[in-house]
Asker: 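This is the structure, below, for whatever I ask next.
What you see is a predicted model, and the numbers here were worked out from it, not measured in a lab. Because only heavy atoms are used, hydrogens play no part in the values below, and waters and symmetry mates are left out as well, while side chains stay in.
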Amino acid sequence: MIKLNNLLTAIDPIEIIGETDKNILSLQSDSRKVERDGMFVAVRGVTTDGHKYIPVVASAHVGAIVCEEFPATLVQGITYIRVANSAVALGLLASAWYGFPSTKLKLVGVTGTNGKTTTATLLYEMARLEGYKAGLLSTVCNYVHDRAIPTTHTTPDPISLNSLLAEMVQEGCDYAFMEVSSHAADQHRIAGLKFAGGIFSNLTRDHLDYHLTVENYMKAKKSFFDMLPADAFALVNADDKAGAYMLQNTKARKYTYSLRTDADFRGRILETRLDGTLMMLNGREVEVQFTGKFNAYNLTAVYGAALLTGFNQEEVLVNMSRLVPVAGRFQTFRSKSGVTAIVDYAHTPDALVNVLDTIREIVGAAGEITTVVGCGGDRDHGKRPMMAHEAAKRSDHLVLTSDNPRTEEPVAIIEAMKEGLSATELRATLCITDRREAIRAAIHAARPGSVVLVAGKGHETYQEVNGVRHHFDDREEVSAALAELD
């Protein structure tokens with residue numbers, strides 16, 4: 001319970017109608033969850049506008065309604081608060097409701113197309129190895145210290161987000177690390193949060209079904225850095241052309257990391273294998289349990305952010321060797337007969353290129369690579385032929401299959417992918433709609449010493465078909481298929 005007067009100090013109302021000296025018992029933006037004497041914030045969402053539910057929540061005897069436009073009919077006893085942007089107001093109110101938890105720990109956000117999950121998760125693990133309590137908000141799973149909480153979105157809604165941060169504070173966490181998606185930044189889900197630092201990994205084509213243009217997508221990422229305070233750090237990838245753009249208007253202290261050019265934090269690959277890499281980090285050698293240039297970038301970002309966060313350099317270097325790959329990110333499986341399978345979350349053309357180039361670098365020109373890949377339904381149609389083209393270009397054999405078809409026909413998605421293939425590439429391509437059978441066929445056809453990449457779903461434990469999620473885990477399917485070889 002919080003006094004409405006106190007809550008209103010967190011926002012800048014344009015107009016207030018009704019009493020403000022009253023108790024508010026709950027905060028909601030979901031009209032289905034409102035309670036008597038609670039506050040409802042009407043947010044204009046992607047699929048629905050909360051304003052149209054104001055009459056419904058008014059009949060539930062809420063105490064206050066925050067909106068951008070007052071309804072035609074005002075109900076006696078309800079306080080109406082008009083604001084310029086109700087999504088921003090929700091973030092500010094949620095932060096105030098939970099006692100401004102982001103100010104009571106060091107919160108570091110990670111944004112970019114690829115590498116968010118790995119970078120945020122490894123920073124969380126690094127903090128724990130350093131002896132601190134920490135929290136994690138990620139695509140794979142949320143953690144309050146060592147307690148796992150299932151996740152539904154890369155970045156939760158403001159109320160859930162601040163609730164989780166408040167739990168971290170109550171648990172005694174010193175740090176929290178979170179992925180900041182472009183959707184979250186654009187929808188102001190991070191409004192009201194105080195970040196101690198922000199990290200930018202890279203920017204390639206993704207989520208154009210939502211942002212429509214790469215420019216809009218890039219601006220959404222940049223808005224995160226624009227909101228960082230002067231006492232925060234902004235660490236960006238100097239090898240990505242969007243890195244400098246992210247820093248243009250930030251008030252934060254500016255830092256860079258790189259594998260190719262001079263930077264504050266410089267990484268270099270010395271040796272690479274399927275199960276690890278020998279790296280140089282600012283002139284110091286370190287053996288890590290990760291493979292690929294993309295992971296070298298992630299690890300260099302982790303190294304830089306760990307130091308900027310205040311961790312001891314010598315301890316960080318030791319703990320870099322102790323970090324392990326995130327579930328479903330270049331996760332390697334081997335059969336006794338010598339076939340290697342790799343499960344990776346790569347679901348964008350650039351991510352697929354990174355993974356396949358890494359595999360090719362290790363196995364050499366004579367090594368045989370088979371890629372099993374699909375594209376999600378109800379998402380960016382433009383990347384489908386691009387995904388198939390990049391996979392075919394870098395593989396000896398290609399199997400096109402279903403990912404999460406959602407409400408689309410799986411065959412139609414595969415046909416769209418095939419448009420990116422030449423006649424020659426089509427001859428080396430199998431189309432198997434059933435993902436389980438596609439994985440099994442690729443592994444059974446593989447020869448000893450060859451590699452099968454199963455891309456797109458990574459850590460996911462479901463397949464969504466016609467709006468229904470069925471249990472499906474690429475890692476389980478790969479393990480079962482490899483076992484049949486032995």
Side-chain angles (χ1 to χ4, degrees), residues 91-92 94-96 98-112 115-138 141-147 149 154-156 158 160-181 184-185 189-201 224-236 246-247 250-255 257 264-265 298-317 319-320 323:
L92 297 169
S95 181
Y98 286 100
F100 305 99
S102 64
T103 66
K104 298 173 182 176
L105 41 66
K106 285 190 175 181
L107 175 64
V108 176
V110 186
T111 195
K116 294 189 298 296
T117 300
T118 295
T119 303
T121 303
L122 295 185
L123 281 167
Y124 160 76
E125 295 294 354
M126 176 68 76
R128 286 160 56 80
L129 288 170
E130 292 281 317
Y132 297 102
K133 286 186 175 183
L136 174 68
L137 297 162
S138 83
C141 191
N142 298 323
Y143 284 91
V144 176
H145 185 37
D146 54 3
R147 177 164 57 90
I149 301 171
T154 297
T155 310
S160 301
L161 180 50
N162 280 277
S163 174
L164 285 165
L165 289 172
E167 287 187 51
M168 294 175 194
V169 171
Q170 188 174 8
E171 185 67 32
C173 292
D174 303 286
Y175 300 92
F177 303 96
M178 66 176 287
E179 296 182 50
V180 177
S181 68
R189 285 185 236 156
I190 54 175
L193 299 184
K194 184 182 186 301
F195 286 88
I199 303 166
F200 169 72
S201 59
F224 167 56
F225 291 92
D226 292 348
M227 70 172 281
L228 292 177
D231 60 349
F233 68 82
L235 176 62
V236 304
M246 297 295 153
L247 296 178
T250 188
K251 302 181 195 71
R253 294 172 284 121
K254 302 175 183 179
Y255 297 90
Y257 67 96
D264 298 292
F265 303 100
N298 294 335
L299 290 164
T300 305
V302 168
Y303 174 73
L307 298 188
L308 293 172
T309 302
F311 298 160
N312 177 273
Q313 183 181 28
E314 295 304 316
E315 291 180 5
V316 167
L317 285 167
N319 288 329
M320 292 294 290
L323 295 172

Asker: Got F311 and N319 here, is their nearest side-chain heavy-atom distance under 4.5 Å?
Answerer: no

Asker: Rounded to the nearest 0.5 Å, how far apart are OG1 of T250 and CG of D226?
Answerer: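 Here the rounded value is 7.0 Å.
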
Asker: Count the heavy atoms of every other residue, nucleotide or ligand shown that sit under 6.0 Å from OH of Y143, and state whether that count exceeds 12.
Answerer: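 No, the 6.0 Å shell around OH holds no more than 12 heavy atoms from other groups.
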
Asker: Give me the atom names and distance for the closest heavy-atom approach of V302 to T119.
Answerer: CG2-O, 3.9 Å

Asker: To the nearest 0.5 Å, how far apart are OH in Y175 and OG1 in T309?
Answerer: 6.5 Å

Asker: Tell me, do F195 and M178 make a side-chain contact under 4.5 Å, heavy atoms counted?
Answerer: yes

Asker: Show the nearest heavy-atom pair for residues A134 and A127, with the distance to one decimal.
Answerer: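 Taking every non-hydrogen atom into account, CB-CB, 3.9 Å.
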
Asker: Calculate, to the nearest 0.5 Å, the distance between atoms CG and CG belonging to L193 and L228 respectively.
Answerer: 11.0 Å

Asker: I want to check something: taking the side chain as every heavy atom from C-beta on, are V108 and F233 in contact at a cut-off of under 4.5 Å?
Answerer: yes

Asker: Do you know the tightest heavy-atom contact between S201 and Y257?
Answerer: CA-OH, 3.3 Å

Asker: If you define the side chain from C-beta out and look only at heavy atoms, does anything of F100 sit under 4.5 Å from N162?
Answerer: no

Asker: If you take all heavy atoms of S102 and G192, which pair is closest and at what distance?
Answerer: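 Heavy atoms only, the tightest pair is OG-O, 4.1 Å.
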
Asker: How long is the span from the CD atom in E179 to the OG1 atom in T121, to the nearest 0.5 Å?
Answerer: 6.5 Å

Asker: Please confirm whether the backbone N or O of T117 pairs with a side-chain atom of S138, one donor and one acceptor, at under 3.5 Å?
Answerer: no

Asker: If I take atom CG from residue L122 and atom CE from residue M320, how far apart are they, to the nearest 0.5 angstrom?
Answerer: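 Interatomic distance, L122 CG to M320 CE, rounded to 0.5 Å: 7.5 Å.
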
Asker: In chain order, what residues pass the side chain to side chain contact (heavy atoms under 4.5 Å, CB included) check against K104, with sequence neighbours excluded?
Answerer: V169

Asker: Are any non-hydrogen side-chain atoms of V144 and Q170 less than 4.5 angstrom apart?
Answerer: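 Sidechains of Q170 and V144: no contact.
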
Asker: Check E171 with R147, please: is the shortest side-chain N to carboxylate O separation under 4.0 Å?
Answerer: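 Judged by the 4.0 Å cut-off on N to carboxylate O distance, R147 and E171 do not form a salt bridge.
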
Asker: How about L136 and R128: do any of their side-chain heavy atoms sit closer than 4.5 Å?
Answerer: no

Asker: Please determine whether side chain to side chain contact (heavy atoms under 4.5 Å, CB included) holds for the pair L137 and M168, giving the CA-CA distance in whole Å, both sets of side-chain angles, and the decisive distance to 0.1 Å.
Answerer: CA-CA 11 Å; L137 297 162; M168 294 175 194; 3.9 Å; yes

Asker: Could you report the tightest heavy-atom contact between C173 and H145, atom names first, then the distance?
Answerer: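 Looks like SG-N, 3.9 Å.
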
Asker: Do L235 and D264 have side chains that get closer than 4.5 Å, going by heavy atoms?
Answerer: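 L235 vs D264: side chains apart.
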
Asker: Once you round to the nearest 0.5 Å, how far does CD1 of I190 lie from OG1 of T111?
Answerer: 8.0 Å

Asker: Between D231 and K194, which heavy-atom pair has the shortest distance, and what is it?
Answerer: OD2-NZ, 3.2 Å

Asker: Is the shortest heavy-atom distance from the side chain of V316 to the side chain of E130 under 4.5 Å?
Answerer: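 SC-SC contact between V316 and E130 confirmed.
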
